[in-house]
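Reminder, nothing fancy here: chain letters follow the sequence lines and each chain counts from 1.
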Amino acid sequence: MSKLSYISPEGLRIDGRRSNEIRRLNMRMGVLNRADGSSYYEQGNTKITVAIYGPHESTTQKSLFDRASIKCEFAMSSFSTSERKVKSRFDKTAYETSTLIKQAFESTVLTHLFPRSQIDIYVQVLQSDGGLKSAAINAVTLAMIDAGIPMRDYVCACSATFIEGSALMDLNHMEERSGGADLLLSIHPQLGGVISINMESKVPQEMFESVLDMALAGCKKIYYLLQEQVKKHSKDLMSNQLVG
Amino acid sequence: MQTIERESCRGIIETESIDQCYSLLFAKKQDRGLSWISKEQYIRNDIKCHYDQCIICNNNNSSNSNNSSSSSTTTMSNKQKKEEQKKKELLQQQKQQKTTINAKPIIIADIKVISEYLDILELESVKNNQTLVVLETVFRYIQYNSGPKFFDRLKKLITSNPNGDKVIYFTNDLNKQTQLDREQDKDKGNNQSESIDTYESRRIVNAARWFGQHLHDQKHLVKVPIYLITNNDQMIDIAKKTKQLGKETQDGDIKILGLKEYLYQYYSGNTSVLDVYESLTLMIKEKQLEEQNNTSSSSSSSLYERYWDDDIKAVELKSGNIVSGKIHINQFNREEAFVKIQSSTIASTRGGHGDKIMIIGKKNINRAIHGDKVGIFVLPESEWMDQSTSASVLGDLDDQKDDMIAEENKEEDQVLSSIQTTKANNKKNEKKIMTAKVVGIFQRNWRDYVGTIESGSTVYSNFVNVVPLDSRIPIIRVATKSAEAFVNKRIIVRIDRWDLSSSYPAGHYVSSVGERGSLETELGCLMVEHDISLRPWSKQILDSLPTSDTWSIPKDERKKRRIMADSGHRVMSIDPLGSKDIDDTISLARLDGDRVIEIGVHIADVTHFVAKGSPLDIEAQRRGTTIYLPDRRFDMLPAVLSEDLCSLWGGKERCAMSVVWRMELDATTQEYKIVDSWFGKTIINSCGEFHYQLAQDIIDGKVVDGKDRDEDVTNGGKNAGYRNRLHNNRRELAGALDLESIEVRFTFNESTKTPDRIVLKSDLEVHSLVAEYMILANAAVGTRIHQYHPGAALLRRHPPPNQLGFSNIQQLFDMFGFPFDSSSNSRLAESLKNAVVPGDPLANQIIKLKTVNVVSEAVYFSTGGFNVDDFYHYGLALNKYTHFTSPIRRYADIIVHRQLMDAVLTKPADQDDHSMAILADHLNLRHRASKTLQREATQMFQSLYFQHHPKPNVEAIITDIRSNSVIVLVPEYGLRDRVYLLDKDGKPIMPSDDNSFKSKIQSMVFNETNVEFKLEDGTKKQLSIFDHIVVNIHTQENDYHLPPVKMDFVQILKSQNKNTLFNKEQVSKKSIVDQIKKDEKSKDQMDHRDTTSNPYGFNLNQQEKEEEQEKLQGGKSSKHQQSIYELIKDLDDLKLEKIEQVGSRIDYSKGKTIVKKEKEGKVLKLWSMNDKQSKEYRTKADQYLRDAISKQYKQQRLLYLKQQQQEDGDDEYYDEEYEDDNEKIAPTISVKDKYGDLISKTEQGHLKALRDLSLSKRKFN
């Protein structure tokens, strides 16, 4: 077998997308009854559910007197990857992702409205096919909106990389494993600020810029789709109320 | 991989061009059982067919280009309008063409055809006469099921032709219209899905059908026959079945054909295509038979060991039991090979024998072919090679090193040198040498091989043995039915496989180069061996070029560019005599009363003519560099550009890329310093092109040019002065620059093999003057583009050499007691400079030559991939260096020009590190290939020359000692080869004509630097490096290779006779080439007349006469050349000491006025002269030169002496010397003597042209 080629002569990626196309999105809000807010989020074959509790009274001693604290727990189901693996709760990558989500939403949620209270985020990955971190952030955004927690803006995240001479948007598992220069970007799409930007490889500046542009365009696309979903969800709620 | 499940998914997809999304489930074999992998598949509706005549798809062409999906609606509508227009135009065009175009058939090939008969599809004649459709199904299958090399070939076939008129890549599986679900197998009635094969066949048939319909729906299109080429019965069945069932009745035009029928239908007249087909078919049949046999019978009869399985290989490689590396086969003994390994691997720590492992014997090499990446298993210590047997083996390796002396591949060189050091170690430690056997192949590295059919083999069987030109490649068994047609021809073959039971690899015939022994064929062979293919320029490219008569600089260019004449710059070029592509010029302007000086380097603006991405650009990139061979040149750019429009001819306005330095006088130190560098496009009008000798004469005050613009002429002289100041400013570079001149020497030696250039030409001050400005420009541009594109600038680096390699050179220095220090480049240069053996100038050259072998090769690279510290250019001692100054003959310079222009205009970079790194690798490869081609072509010419003209009694110098021979350099012919002192049985060979050997040689001892002879009568003799000997040169007959040049030892020259060498004429390569051509022609004529007498008789006599004459002339001229050389040196010394005082007093106008009187104001233009005029001119000019020299220098020295005496009465030293030197000052030299070799060259060129003309006339009549 030859080395995998990620882009065909036609310019298509392995799964048939072009370099500037994101995967299929499938989202639902309010999927769990007991949580204050919840969402189910599919980005390609990556499937995630998020549950949010709060704002409620702080359960720990370390409550903050002027604002709410945010707690995040990120868990991979053992059946989520192609090989079944039981993962400990204190997995390093899980901890990293939960910190990322926590920091992203600490800067987005209007925490000063809820002093001495706490918001809990539980992220459960059902199936993983690349782009976990960005999918988790997007899913949490939907759940936050479902919970009615006031936020400054949406948080949209998208990954991008650089393989075989071109920048690719929204990576799947195979592309993530290619060893290209992966970049994860999360932004406030309306306010226009960058929340986090992660890249672990050293790349020349021009290449970085093209990857960054790609990720930014991906975030904007995702924002547009999220917004549509939120509008649709609100409409559904309204119509349900009218019927009731 | 086999899909288990495929189901449609719900969700939002942001683009409309994706129609549907499926989730696929695969099963993948893992170490422990199966694992499940899920994948997505997006089915699209925006796939184009890419056929160049298709209007429906061309319509979508521009709107769907990558990265532009977010364009606003207004531009979209604009675009659409444009597209509509385009569409209309296309329609019209096609209507017009409809009648004229003879449509090429479209063929859709199935998996088997492509994987087995790709060779045919790659043939130029086939490729141009059809449109091949490669389906995604086929592409993916080959990607998953064949080796990377084959896949690369297919990819290259597709990407080499972006227009879509020859090869089309059609995405059928991701296309809404052609994708198919896997069906349940209806025949069996159970729940199993259909087999992979049927599924593939069905998809191919479906795609072919769609393709046919798609094109036939378009009524405006010319009806093109569409064929589905397959030999697969199942596919034919499917096609028939679906047709019966299906509604598609319009697709009558797709025909299903076997490859054989197709070829016979379309190429029945083209035997070469059919030959290839037959050869391939035989191969495949043979293979099938073999496979059947293999499965039925046991493999006990096989000659070789079976390779290990891939999984085992991978595991063992990880655990360190086997080692992988590239295999290098010994050129002289195909049963010996070695693999270079990483020093970190386990095997290397076991033996401690450096970084190589030997593989001895056919069985152990186990079907590996030179260059393959193999896995080797180290044999138990009991089977390792003994010291005693190793001597001969390593001796052979020494031989190999020898042949690699000039090889660019330093890597190999270093390996071998490490073997030598190991050998030395072994002598002390008595250790055994590690051996291994090949147990698997990681990657085959096969290419096209040139070979000749073995003379003994019967041409009537289906197989013939072909002996490859490259002696490292084994004999290849080629399946062919028409072998008799290839006897005595050089043919190109490819290796297909090597079976366990076969002693030779099996291959197939590709094409024929031509009759062996002829110059053209042998050159063609060399080009194939080095993967250089030069097609004539395509019509598309030639049509896009401006013609030389009508072209002038466009008006808008004038506005954009800086016109150098306006800012007071006077431009001139200095090049070797007779060069036609002038790509660099120098200019000078004095501003603000000499306080400010501007020096400009102007390079031909090739990028003005070669637009990025144009067909010409692509072709130039493919060629990479102009290749200079002894008798011809393969241009990188068409002659219209390289010799005319880009070439910076004097008196014509030309576009240029310029670097201009502004230098200001420092009031305190009285030195000029660079204060500003300007880069940009300019228009220049060169004053004239000088050749090096002329320019040097001008600098030296011997004005020979008849032009009345004295400033132009004196510019050169004044430049020289500034150069010296510049030089002083950058003294730290001095050491480095010396090394650079070795680089020049190196190329001279390798390419032209005429060391005389080093003595006479390279030492001209002008050479270093030009070179230094060019280096300065290159370095400045390198810094600038790196500053602007830090991630993807194309620079050139020269890694420091491996210190280990210097041990050999140390020995040479020790022989003469010179100090040697290689710790830094400047120190090395210093050591080399000082290593001059009195009375033997060649010794220094040999030392330098050998040093060049140690120093590694400079390479292009993209800055993104390297640390800034690694940018260093060792040879030039510069931090950043690039190639900027020769865009006409190097593609790298074109890229650098573009990058510089981007930097100047602050345009965003459009190239990334990835593509630039690929480009840099490509260019390095091209450069290496062209260098090796040049070297081997030279060898070929030498071989052909000596074949017809063996030379007795030629003087040679020993440069190396080997275990059974010495390596000598023959300066007369620039030949470097070995002289055997022991014959094959190890018996000493007596010198054939040496009186000092009174009795037979009893024994010989070969040491590192000398050979000791012991004669039977007890006397001892010694032969050491740098000794001169006399040899006979002749060639050995050989059918399969070029006849190798052999040298026989004749006698040892005594030291007194050494210098006779310099009085001998040095046969120029040109004359060798001419002679060979003459021979060929006479041979042709003789063949025509069909005479039985010796066809060479007449010719040889003539040749001898000519040579005698040449020798007479040459002898004289070199004597005088030497005296001139001394003169120049004298002047140079004088100038360096007292440059300002003495130099300023030289009245440059003197020589000129003399000329002017004679010519009575007539303006002479060197560039407008023809050969005859320039000859006349030189005859006259030289007389004036002689007068001028004597007059000037007598006067000057008198003046100078007077001054000296006035200043210092005691100084009588000069007085005496100058009186003695009077004769030398005005030597009686004629033009013939001075420019003898140059004139003879031009004359020869002229004669050749006349000859060619008459010949062609004769032919015409």
Does [X] [atom1] have over 12 foreign heavy atoms under 6.0 Å away?
| X | atom1 | answer |
| --- | --- | --- |
| B:Y141 | OH | no |
| A:Y224 | OH | no |
| A:R152 | CZ | yes |

Please look at [X] and chain B and tell me whether the side chain, the backbone, both or neither of the residue comes under 4.5 angstrom of a heavy atom of that chain.
| X | value |
| --- | --- |
| A:N45 | both |
| A:F162 | side chain |
| A:M169 | neither |
| A:Q127 | side chain |

[X] side, atom [atom1]; [Y] side, atom [atom2] - distance, nearest 0.5 Å:
| X | Y | atom1 | atom2 | result |
| --- | --- | --- | --- | --- |
| A:L12 | B:I47 | CG | CD1 | 5.0 Å |
| A:I14 | B:R140 | CD1 | CZ | 6.5 Å |
| B:E40 | A:Q43 | CD | CD | 9.0 Å |
| A:E10 | B:N175 | CD | CG | 8.5 Å |
| B:I918 | A:E164 | CD1 | CD | 9.0 Å |

*asked:* B:C9 vs A:E42, test: side chain to side chain contact (heavy atoms under 4.5 Å, CB included). Steps then yes/no.
replied: CA-CA 11 Å; B:C9 300; A:E42 260 181 47; 5.7 Å; no
_Does any backbone or side-chain atom of B:F139 lie under 4.5 Å from a heavy atom of chain A? Answer side chain, backbone, both or neither._
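Side chain only.
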*Heavy-atom distance under 4.5 Å to chain A: side chain of B:I12, backbone, both or neither?*
both
*With a 4.0 Å cut-off, would you call A:E21 and B:R44 a salt bridge?*
yes
*asked:* Could you check whether B:K39 pairs with A:D129 (Lys NZ or Arg NE/NH1/NH2 to Asp/Glu carboxylate O, under 4.0 Å)?
replied: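 The answer is no: the pair does not qualify as a salt bridge.
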*asked:* Just so I understand: if I count every heavy-atom pair under 4.5 Å between each of B:F150, B:F170, B:Y169, B:Y22 and chain A, which residue has the most?
replied: B:Y169
*Close side-chain approach of B:Y42 and A:R24, heavy atoms under 4.5 Å*: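 Sidechains of A:R24 and B:Y42: in contact.
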_What I'd like to find out is whether the side chain of B:C21 reaches to under 4.5 Å of the side chain of A:R23, using heavy atoms alone._
no
*Measure across B:I158 and A:P9 and return the closest heavy-atom pair with its distance rounded to 0.1 Å.*
CG2-CB, 3.9 Å
*May I ask you to check whether A:S8 and B:E136 show a side-chain donor-acceptor distance below 3.5 Å?*
no
